[in-house]
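No hydrogens, no waters, no symmetry mates; every other heavy atom, side chains included, goes into these values.
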Amino acid sequence: MNASTIRGYKLSLKEQVKAVAAAGYGGFEPWLKDIHAARADGTFADVVKIARDSGLEFVNGIAFGQWVHPDAKVRAAGLEETKRDMAALAEMGCPRIAASMFGVQKAGSPILKAEEIAERYAAVLDLGAKMRVKPLLEYWGHSVNLSRLEDALAVLKVLGRPDGAILADVYHTYRSGGDFATYARLTPEQLPVLHVNDYPSTKPRTELTDPDRVWPGDGLAPWKELFATLDARGIDPWLSIELFNPAYWRTTPSDTLRTGVEKMHALGA
């Protein structure tokens, strides 16, 4: 479960972890904003203990450090933010962090070459090796930089290192106009986490936004084919539900979390 799916309830990190564990999830993707808030209010140690006692793993941290920004000063500050984020995640026993195009995703942002992204991602990988937290290269379907899974793979090819990995996303694969057949080009090491979400037929692809995401299985995503591709490649990633749909925040957190479990079981996941 990704914290975004229950974000509208405005729960503290401690409340999120309790609810996600009680719903029966094996893994959780917290947001760094909530982690730092837990540090500030003194509940960080409680969060770690609750997760440990319940067997809930922290899978990946959702972060927004501007490590890829072309402005050297902004990039340096982004790397410092990423370092702080990694330190908190390492203390939680969380082995991964999202490395997105935040800061250069909007229209009008400078367009970066694969070589530039690869060079800056290499610096984040080196930092992660020291901090014991692996950065996952994240693509966003609406972004002017690194919008497709194909783009992320192109960066890994230029990178030429075995430690490069991708945070893939079903919705973003579709939103970008990418090809789901591209998943067959991945290796198990390159895909440790997959965001599972679906997309409706109510809008053209290019007009979809994050709140339009729907439960896995309630939209048009080719789940059977995707899972068959992953199985054939020996890829067994964490499947994390990442939604931003306000329609799902009208009941209770436990109801929403239980629905997520049911939807994934219905897919055979």
For this session: Taking the side chain as every heavy atom from C-beta outward, state whether R96 and P192 have any pair of such atoms under 4.5 Å apart.
Result: yes
Problem set entry | Y199 and Y171 aromatic centres sub-6.0 Å | no
Problem set entry | Stepwise side chain to side chain contact (heavy atoms under 4.5 Å, CB included) check, L125 with L159 | CA-CA 11 Å; L125 281 170; L159 179 72; 3.7 Å; yes
For this session: Could you give me the CA-CA distance, side-chain angles and deciding distance for E91 and R39, then say whether salt bridge (Lys or Arg N to Asp or Glu O under 4.0 Å) is met?
Result: CA-CA 11 Å; E91 193 172 344; R39 278 191 175 280; 2.4 Å; yes
For this session: For the pair Y248 (side chain) and W215 (backbone), establish whether a donor and an acceptor sit closer than 3.5 Å, ignoring hydrogens and angles.
Result: yes
For this session: Please name all residues satisfying side chain to side chain donor-acceptor pair (under 3.5 Å) with K203, sequence neighbours left out, ordered by chain then number.
Result: D212
Exercise. Does the pair Q105 and N145 meet the rule for a side-chain hydrogen bond (donor to acceptor under 3.5 Å, both in side chains), with working shown?
Worked result: CA-CA 6 Å; Q105 81 277 21; N145 285 291; over 6 Å; no
For this session: Please check if the distance between the ring centroids of W31 and F64 is under 6.0 Å.
Result: yes
For this session: Taking all non-hydrogen atoms of both residues into account, name the closest pair between Y9 and W249 and its distance.
Result: OH-CA, 3.4 Å
Exercise. Do NZ/NE/NH1/NH2 and the carboxylate oxygens of D198 and R213 come within less than 4.0 Å?
Worked result: no
For this session: Run the salt-bridge test on D34 and R7 with the 4.0 Å N-O cut-off and return the result as yes or no.
Result: yes
Problem set entry | Donor-acceptor contact present, side-chain E150 to main-chain G178, <3.5 Å | no
Exercise. Centres of the H142 and H172 rings: under 6.0 Å?
Worked result: yes
Problem set entry | For the student: nearest non-hydrogen atoms of Q16 and L11, plus distance | NE2-O, 3.1 Å
Problem set entry | Flag, side chain of R175 to backbone of L208, donor-acceptor distance under 3.5 Å | yes
Problem set entry | Sub-4.5 Å side-chain heavy-atom contact between L136 and I97 | no
Problem set entry | R148/D151 salt bridge by N-O under 4.0 Å criterion | yes
Exercise. Do D255 and T252 meet the criterion of a side-chain donor-acceptor pair at a distance under 3.5 Å?
Worked result: yes
For this session: Please determine, by modelled atom types, if N2 and S4 share a side-chain donor-acceptor pair under 3.5 angstrom.
Result: yes
For this session: Quick one: do D163 and K134 satisfy salt bridge (Lys or Arg N to Asp or Glu O under 4.0 Å)? Show the steps, please.
Result: CA-CA 8 Å; D163 53 347; K134 186 184 188 73; 5.4 Å; no
Problem set entry | Partner of W140 by side-chain contact (heavy atoms from CB on, under 4.5 Å), out of S147, S176, S100 | S100
For this session: Answer whether the closest heavy-atom distance between the side chains of I6 and V20 falls below 4.5 Å.
Result: yes
